[in-house]
Q: 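Below is the structure I would like to discuss, written out as structure tokens.
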Amino acid sequence: MTTVGVPAGWPATEEEARAVQDELRGRVVRDEPGPEPGTGRVTGVDVAYDDALDLVAAAAVVLDAATLDVVAEATAVGRVSFPYVPGLLAFREIPTVLAALDRLPCPPGLVVCDGYGLAHPRRFGLASHLGVLTGLPVIGVAKNPFTFTYDDPGAQRGCSAPLLAGAEEVGRALRTRDGVKPVFVSVGHRVSLDNALAHTLSLTPRYRLPETTRRADALCRRALRDAARNARGGAQEPSMRQAPTS
DNA sequence: GCGACAG
DNA sequence: ATCTTGTCGC
């Protein structure tokens, strides 16, 4: 199993990372509505960590947007490329996520990631960063409001309220299930906010979190488990690391 | 200066 | 993110 290293020139300090964000933020495309919800393909990406072993596992799971059936999936394992710093999450997740996306056998269509896009201290969160680097339409669906404020949306699925940075709307708190805590949706790249909300609702017929996120989360955790087990057990060929049967 | 803070 | 048992509910 090859391991993704830290890219050459990857920022080593918070200062450098913030400078990269300031430089790339102008490339975000905001005047496209994005793919039609319920059509084509939607891909979820997620990452799991084992800091002690210095391991990162990323997963990309492609779903048919109409049926939500899994069409394809891929994983990648790498080294931790950056510590977790609020506002700099992208530098921790992106290298391995890009590797997983590269391994997909088909185009990903719209990408849905954990975390934020324009709802970010410098308006350039993970979803925007990933979009600018790949050129793909990307949205961010987060589980927490980060540093932003919002008024509780109505209790019914579909209700939403502005996610605010002061007076600026940077995303929306969206109720995906009746009476359940909302998720926080923001634009990443090449998708409108309204369309991002519609996609999120289309991906949540049963659970609070999008099927894309749930699928990618389960897969990257499994990939991390396998990688950690192989790291402990010494170098072995992928062909001989099948999971024991019962 | 202090606390809070996506994953 | 990750560490972790039982438990309430469909």
Side-chain angles (χ1 to χ4, degrees), chain A residues 11 14 17-18 20-21 25 28 44-61 75-98 100 111-132 138-150 157 163-166 168-174 176-189 193 196 200 205-210 212-229 231:
Chain A
E14 298 184 21
R18 289 192 199 95
V20 169
Q21 292 180 329
R25 135 179 80 190
V28 174
V45 294
D46 195 17
V47 179
Y49 302 92
D50 188 321
D51 287 283
L53 292 176
D54 188 31
L55 286 176
V56 181
V61 180
T75 62
V77 175
R79 302 304 204 162
V80 174
S81 55
F82 210 83
Y84 172 67
V85 179
L88 301 178
L89 177 64
F91 296 94
R92 184 166 167 79
E93 308 220 321
I94 279 188
T96 320
V97 166
L98 287 177
V111 176
V112 181
C113 53
D114 283 26
Y116 284 119
L118 296 176
H120 178 274
R122 285 167 296 284
R123 305 297 178 266
F124 195 70
L126 172 63
S128 296
H129 203 144
L130 188 60
V132 164
V138 184
I139 68 173
V141 180
K143 298 182 281 296
N144 299 294
F146 201 9
T147 61
F148 307 106
T149 61
Y150 66 100
R157 163 178 158 85
L163 186 63
L164 302 170
E168 178 184 0
E169 181 179 31
V170 295
R172 215 108 82 191
L174 173 68
T176 54
R177 308 299 309 160
D178 290 358
V180 173
K181 175 181 175 175
V183 297
F184 305 89
V185 181
S186 63
V187 167
H189 184 61
L193 182 54
T200 303
R206 180 148 165 74
Y207 299 102
R208 174 187 176 230
L209 298 179
T212 39
T213 301
R214 292 166 44 76
R215 259 32 206 262
D217 179 74
L219 183 55
C220 72
R221 288 193 197 210
R222 191 156 64 74
L224 181 64
R225 271 192 6 254
D226 294 348
R229 182 167 54 62

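Because the structure is predicted, anything quoted here is derived from the model rather than measured. Side-chain atoms are counted along with the backbone in the values below, which use heavy atoms only and exclude waters and symmetry mates.
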Q: Could you state the atom-to-atom distance from CG of A:Asp50 to C1' of B:dG7 in whole Å?
A: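 Nearest whole value for this atom pair: 15 Å.
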Q: Taking OP1 and OP2 of C:dA1, is either one under 4.0 Å from a side-chain nitrogen or oxygen of A:Arg221?
A: yes
Q: Categorize A:Phe146 for me: base, sugar-phosphate, or nothing, with a 4.0 angstrom heavy-atom threshold over every strand shown.
A: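 Touches a base.
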Q: Please state how far atom CG in A:Asp114 lies from atom C1' in C:dA1, giving the value in whole angstrom units.
A: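 Spelled out: CG on A:Asp114 to C1' on C:dA1 is 10 Å.
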Q: To the nearest Å, give me how far apart CZ (A:Arg92) and P (B:dC5) are.
A: 18 Å
Q: When all nucleic acid strands are considered with a 4.0 Å heavy-atom cut-off, which category describes A:Arg206: base, sugar-phosphate, or nothing?
A: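 Nothing, no nucleic acid heavy atom in range.
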Q: More than 12 heavy atoms of other residues, nucleotides or ligands under 6.0 Å from CZ of A:Arg222: is that the case?
A: no
Q: Measure centre to centre between the rings of A:Phe148 and A:Phe184, then say whether the value is under 6.0 Å.
A: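 Between A:Phe184 and A:Phe148, which both carry aromatic rings, the centre distance is not below 6.0 Å.
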Q: Is there aromatic stacking of A:Tyr84 against B:dG7, centre distance under 5.5 Å, plane angle under 30°?
A: yes
Q: Using whole Å, what does the distance between atom P of nucleotide B:dA6 and atom CG of A:Asp46 come to?
A: 15 Å
Q: Any side-chain N or O of A:Asn144 less than 4.0 Å from the OP1 or OP2 oxygen of B:dG7?
A: yes
Q: To the nearest Å, give me how far apart CG (A:Leu163) and P (B:dC5) are.
A: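 Between P of B:dC5 and CG of A:Leu163: 14 Å.
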Q: Please report, rounded to the nearest Å, how far the P atom of B:dG7 is from the CZ atom of A:Phe184.
A: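 Atom-to-atom, A:Phe184 to B:dG7, this comes out as 10 Å.
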Q: Please work out if A:Leu88 contacts a base, only the sugar-phosphate, or nothing of the nucleic acid, heavy-atom cut-off 4.0 Å.
A: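 Base contact - A:Leu88 has a heavy atom under 4.0 Å of at least one base atom.
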Q: Tell me what A:Gly140 touches on the nucleic acid: a base, only sugar-phosphate, or nothing, going by heavy atoms under 4.0 Å.
A: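 Nothing: the residue A:Gly140, judged by heavy atoms under 4.0 Å, touches no strand.
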Q: Say you draw a straight line from CZ of A:Arg92 to CG of A:Asp51; how long is it, rounded to the nearest 0.5 Å?
A: 4.5 Å
Q: At under 4.0 Å between heavy atoms, what does A:Asp51 touch on the DNA or RNA strands: base, sugar-phosphate, or nothing?
A: nothing
Q: Roughly how far, to the nearest 0.5 Å, is the CZ atom of A:Arg208 from the NZ atom of A:Lys181?
A: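 One gets 5.0 Å once the value is rounded to the nearest 0.5 Å.
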Q: Do A:Tyr116 and A:Leu163 have side chains that get closer than 4.5 Å, going by heavy atoms?
A: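 Yes, close enough: below the 4.5 Å cut-off.
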Q: Measure from OH on A:Tyr49 to C1' on B:dA6 and round the result to the nearest Å.
A: 10 Å
Q: Specify the separation, in whole Å, of atom CG of A:Leu53 and atom P of C:dA1.
A: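 In whole Å, C:dA1 P and A:Leu53 CG are 18 Å from each other.
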Q: How is A:Ala48 classified with respect to the nucleic acid when contacts are heavy atoms under 4.0 Å: base, sugar-phosphate, or nothing?
A: sugar-phosphate
Q: C:dT2, B:dG7, B:dC5: which one has an atom nearest the side-chain heavy atoms of A:Leu224?
A: C:dT2
Q: Do any side-chain nitrogens or oxygens of A:Lys143 fall under 4.0 Å of OP1 or OP2 in B:dA6?
A: no
